[in-house]
K.L.:
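Structure in structure tokens, see below.
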Amino acid sequence: MVAHLGADFFDRSVHEVAPALIGCELTYRGVGGPIVEVEAYDQTDAASHSYKGRTDRTDVMFGPAGRVYVYRSYGIHWCMNLVCDREGYGAAVLIRALEPRHGIEQMRERRGGRGDRELAAGPGRLTQALGITSELNGASIGKDLRVTPRTGQEQVAVGVRIGISVAVGQPWRYGRTDSRYLSRPIRPKAP
DNA sequence: CAGTGGATGCTCT
DNA sequence: GAGCATCCACTGT
């Protein structure tokens, strides 16, 4: 029985939680590994789904911390977030990449036999590798989905977020400096 | 390598 | 009807 993070870990500013998640192990039904890349989104942020207020889609973002917000991206992919901050405030961390460590064979099957570097390097790839869909939207962490604390010190790099068209200069992307499993290299500022 | 465009579904205007 | 918190295949250096 390994200790895992509960709702209290997430019940604070997303800007504290996001960097603290780097190096924590995330597994869904035993499949996963250490998180190497995340992005923070909060209610005052024009790039956040919660920016324009609570809607049917974004409802989970405004709920209690420690729940899972899953949305469809570009009509094809699923992206997974962990909800942060107090109830009523819309904030979440987008999980963008992890290092494959547990259940690698299952990840390979789900990802069409791609190389290890392409199993979970990117938010759409990660959910596909772990078998996460909208069925998980609104679920609480701690059962099928677990996050365990990191064991050592991590070198966390900070950069600008990817794939957005507003608030592009905000340094709210975090990642392990030395990881081979990032979706893209971390750049301090947009070029 | 870098750059481009298509796939595809849903939310919000 | 526009626009997306993406990925992949394909092209050309």
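Naming: A, B, ... by sequence-line order, numbering from 1 per chain.
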K.L.:
What parts of residues 63-95 of chain A reach DNA chain B, counting only heavy atoms under 4.0 Å away?
P.N.:
A:Arg72, A:Tyr74, A:Gly75, A:Ile76
K.L.:
Please determine which of A:Ile22, A:Thr177, A:Val36 meets the side chain to side chain contact (heavy atoms under 4.5 Å, CB included) test together with A:Val156.
P.N.:
A:Ile22
K.L.:
Strictly under 6.0 Å, is that where the ring centroids of A:His49 and A:Tyr41 end up?
P.N.:
no
K.L.:
Convert the base pairs of DNA chain B into dot-bracket notation, remembering that pairs crossing earlier ones are written with [ ] and that bases paired across to another strand are shown as |; include only Watson-Crick or G-U pairs under 3.5 Å.
P.N.:
|||||||.||||.
K.L.:
For DNA chain B, note the earliest and the latest nucleotide, 5' to 3', having some atom under 4.0 Å of a heavy atom belonging to chain A.
P.N.:
B:dA7 to B:dC12
K.L.:
A:His77: what forms a side chain to side chain donor-acceptor pair (under 3.5 Å) with it, not counting sequence neighbours?
P.N.:
none
K.L.:
Can the positive tip of A:Arg12 be found less than 6.0 Å from the middle of the six-membered ring of A:Phe9, inside 45° of the ring normal?
P.N.:
yes
K.L.:
CG of A:Leu119 versus C1' of C:dC7: gap in Å, rounded?
P.N.:
14 Å
K.L.:
Just call it for A:Arg114: base, sugar-phosphate, or nothing, with non-hydrogen atoms closer than 4.0 Å on any strand.
P.N.:
sugar-phosphate
K.L.:
Taking for each residue the nucleotide of DNA chain C with the nearest heavy atom, is it A:Arg125 or A:Ile164 whose nucleotide lies nearer the 5' end?
P.N.:
A:Ile164
K.L.:
Expected output is a numbered-order residue list: members of residues 39-53 of chain A with a heavy atom under 4.0 Å from any atom of DNA chain B. What is it?
P.N.:
none
K.L.:
Heavy atom of residues 9-19 of chain A under 4.0 Å from DNA chain C: which residues?
P.N.:
none
